[in-house]
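Notes to accompany the following structure.
Letters go in sequence order (proteins before strands), and every chain restarts at 1.
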4 protein chains.
Amino acid sequence: MLNRVILIGRLTRDPELRYTPSGTAVTQFTLACDRPFTNQQGQREADFINIVTWRQLAETCANYLRKGRLTAVEGRIQVRNYDNNEGKKVYVTEVVADNVRFLESMGGNRNDGDGYNQNQSSSGYNRSDSNRGGSSNDDPFSDDGRPIDISDDDLPF
Amino acid sequence: MLNRVILIGRLTRDPELRYTPSGTAVTQFTLACDRPFTNQQGQREADFINIVTWRQLAETCANYLRKGRLTAVEGRIQVRNYDNNEGKKVYVTEVVADNVRFLESMGGNRNDGDGYNQNQSSSGYNRSDSNRGGSSNDDPFSDDGRPIDISDDDLPF
Amino acid sequence: MLNRVILIGRLTRDPELRYTPSGTAVTQFTLACDRPFTNQQGQREADFINIVTWRQLAETCANYLRKGRLTAVEGRIQVRNYDNNEGKKVYVTEVVADNVRFLESMGGNRNDGDGYNQNQSSSGYNRSDSNRGGSSNDDPFSDDGRPIDISDDDLPF
Amino acid sequence: MLNRVILIGRLTRDPELRYTPSGTAVTQFTLACDRPFTNQQGQREADFINIVTWRQLAETCANYLRKGRLTAVEGRIQVRNYDNNEGKKVYVTEVVADNVRFLESMGGNRNDGDGYNQNQSSSGYNRSDSNRGGSSNDDPFSDDGRPIDISDDDLPF
DNA sequence: TTTT
DNA sequence: TTTT
């Protein structure tokens, strides 16, 4: 009934832009978020959190984000599952972002401080079908490690 | 650098209270959070999000939460991984809660509207070791589906 | 660049629905949010936080919220100012809500568990003019205590 | 029952460090947070949001924050009131921060990327007395514009 | 493995 | 598979 996530971290790699069969842009990246405490060895660990963005926001992220960039992400946690090639259910957790803020400039050449990068959906017609038994081509990130095709069924709002 | 989650949803089952070898309480449960849109079939889906609480908050959750209860959770996203019995890395994503609010009373017998249920850590000495190669007994939830032992190494703050 | 608020509290009064000159619905109410600690006298105090909602969400809130109802609000902090009748600048702080969740049912007669109550704006064309010097008819809430007219200029997104 | 704010913005001035009579550090500053839309004149406005930090976090903020710095703040909304010199109630709204992240380095001389800047309270004994009738020396920020003394009574957690 |  |  309410599902809100706000993260600040750094990209572990350049973002990946892809398109669904129907032509919708999807960009995926991973944020490294340092934990607020150190472990038993006195070292600070990080959580590596998968982010997905759609449509215009996906294009903007692909254009402006790069590995290492400090970035703020607002969105919701999404948990999906599919049956892997051994017929076992694999669960995938990711943050579907609807607002991304570029906290570092792009190598001196431009300003990114102005202009919000928000999802502009004309809400209401939404659809998102996950959990379709047997179908395995339904997601950006796989906890399994395999690259997987994305489908129009994953379109959020 | 910042990692904040706020959820409101319903417990899919009664919470499970366990103890680490050193006697620290850990309670786990899953929140069903309805998505803010309907899928292609016009149905509202939910995300099933794993929650972990520690220490005093774990005891309180085990005592007062029950299947179906509307509950608010505040915490951080944590991503852990371990090698499963086939030597494959399994990733586990969960929300480590530091504040849980009981939004529904306990069947008329008590009030839960007063009193915050917050993690009371004497911050600073914290430690949390995940990602220890080879060790597989390190987590409350497994995306693999197997029940797994919990370890003191997972203690957050 | 990022401005996010999430509150859970109870309405101090029934919500007030009004309309701007151009016919846009605005609903205002105040949430009492208990503080997470007690004061020197051992008593728990509350913060009384002003909420504003617009358009469809305003209508829904006016229809379904009532004094005392436990309610979750998501939005952004807005700070406005105007010159009062003595020519002094008065500052008004409120939360402009874009998502409101009714956490308690309406006296048994209905269900409120399904259906999100979210602001549905066709983002992009937005406008909001506050801080107009001399003009005093620009806000729902006044820290001054006077009832004030609302204006189309306050329309957010 | 839940009161969470997350902001990213820039300091409008250098932070101000003061001490309560009993020697507790309090730092105040204002964050300019650009609104996510433009007004009727096509200009982007900002909300100027007052922030208060206490104790160790106050010292760290005073040491490392400066006018113009991009900063993330996590905390809760607090609304206080007092009677001004004309006997009128004045309301003050501010964000009491428990986590502040410095998103820009300090002119090249140091690193601020490591090390969380979090409030370290030994929770449980808390107290905070506002709303004391007649007393006017109770707050960092005044919507009235007058500088006001701070008091130990405002100590949160 | 999923809640109302 | 991980960022500074």
- Message: Just the rounded figure in Å: distance from C1' of E/dT3 to CZ of B/Arg66.
- Response: 15 Å
- Task: Indicate whether any N or O donor in one side chain lies under 3.5 Å from an N or O acceptor in the other, for B/Gln118 and B/Asn99.
- Result: no
- A/Lys67 side chain near F/dT2 phosphate (N/O to OP1/OP2, under 4.0 Å): no
- Query: Is it true that A/Lys89 and A/Asp83 make a salt bridge, defined as a side-chain N closer than 4.0 Å to a carboxylate O?
  - Reply: yes
- Query: In terms of side-chain heavy atoms, does A/Gln78 have a donor or acceptor partner in A/Glu94 at a distance below 3.5 Å?
  - Reply: yes
- Message: Quick check for you: among E/dT3, F/dT4, F/dT2, whose closest atom lies nearest to any side-chain atom of A/Thr12?
- Response: F/dT2
- Task: May I ask you to decide if B/Arg4's main-chain N or O and B/Arg76's side chain share a donor-acceptor pair within less than 3.5 Å?
- Result: no
- B/Ile51 CD1 to E/dT1 C1', straight-line distance once rounded to whole Å: 16 Å
- Assign A/Gly68 to base, sugar-phosphate, or nothing according to its heavy-atom contacts below 4.0 angstrom with the strands shown. sugar-phosphate
- Query: Which one, E/dT3, F/dT3, E/dT1, comes nearest to the side chain of A/Asp34?
  - Reply: F/dT3
- Item | Protein-nucleotide distance (A/Asp83, atom CG; E/dT1, atom P), rounded to Å | 8 Å
- Which of these nucleotides, F/dT2, E/dT1, E/dT3, is closest to any side-chain atom of B/Arg10? E/dT3
- Item | Distance in angstrom units between B/Gln43 CD and E/dT4 C1', rounded | 15 Å
- Message: Side chain of A/Arg13 only, heavy atoms from C-beta on: which candidate in F/dT2, E/dT1, E/dT3 is closest?
- Response: F/dT2
- Task: Starting at atom CG of A/Leu70, determine the distance to atom P of F/dT3, rounded to an integer number of angstrom.
- Result: 15 Å
- Among the candidates E/dT2, E/dT4, F/dT3, find the nucleotide nearest to the side-chain atoms of B/Thr30. E/dT2
- Specify the separation, in whole Å, of atom CZ of A/Arg80 and atom C1' of E/dT2. 18 Å
- In whole angstrom, what separates A/Glu45's CD from F/dT2's C1'? 13 Å
- Query: Please give, in whole Å, the distance from E/dT4 P to B/Leu65 CG?
  - Reply: 14 Å
- List the steps, then state whether side chain to side chain contact (heavy atoms under 4.5 Å, CB included) holds for B/Leu11 with B/Leu31. CA-CA 5 Å; B/Leu11 289 243; B/Leu31 270 196; 3.6 Å; yes
